[in-house]
Amino acid sequence: MKRKSLKNQLTRILAIAFIPVALLSCSEEGDSVEKDEKFCKCLEATAEMDAKSSVLMDGDISMEQAIEVQKLGKAVKEACKDYAEISQEKGLKLKKQCENK
């Protein structure tokens, strides 16, 4: 029962983590906007979560690994909370600015 609940929690965390990725998956040319450091942190947290979760989804995970993924999920949720409802166009512009370090 615990294993199933843990898997459900991980699924929800991953769904939240992929929201910024889905918003930013297309590339588009457009007017540049000022670099938003908070948005860049959101992208970094999402990338870290993606890397860790993709490795863990390949097989069984320990409770310690599951807790680490949950912590990363909370970090992503916190870092990205202000960007959950931005348009794809604005998200792409912000992402471009983060890439132009």
key: Those residues that, when tested against Glu78, pass side chain to side chain donor-acceptor pair (under 3.5 Å) (two or more places apart)   = Lys81
task = With Leu92 as reference, evaluate Lys96, Gln88, Glu89 under the side-chain contact (heavy atoms from CB on, under 4.5 Å) test and give the passing residue.
result = Gln88
Pairwise distance NZ(Lys71) to CE(Met49) - rounded to 0.5 angstrom = 13.5 Å
request  = Enter the distance from Cys42:SG to Lys95:NZ here, rounded to the nearest 0.5 Å.
outcome  = 11.5 Å
request  = Verify, without hydrogens or angle tests, whether Tyr83 (side chain) and Phe39 (backbone) share a donor-acceptor contact under 3.5 angstrom.
outcome  = yes
message = So, taking the atom named NZ in Lys41 and the one named SG in Cys98, what distance separates them when rounded to the nearest 0.5 Å?
response = 10.0 Å
query = Is the shortest heavy-atom distance from the side chain of Leu72 to the side chain of Glu48 under 4.5 Å?
reply = yes
task = Might you work through the side-chain contact (heavy atoms from CB on, under 4.5 Å) test for Lys35 and Asn100, ending with a clear yes or no?
result = CA-CA 9 Å; Lys35 185 173 182 178; Asn100 292 331; over 6 Å; no
query = Do Lys52 and Val69 have side-chain heavy atoms sitting under 4.5 Å apart?
reply = yes
key: Distance (rounded to the nearest 0.5 Å) between Ser53 OG and Glu68 CD   = 11.0 Å
Rounded distance [0.5 Å steps], CD in Glu99 versus CD in Gln97 = 9.5 Å
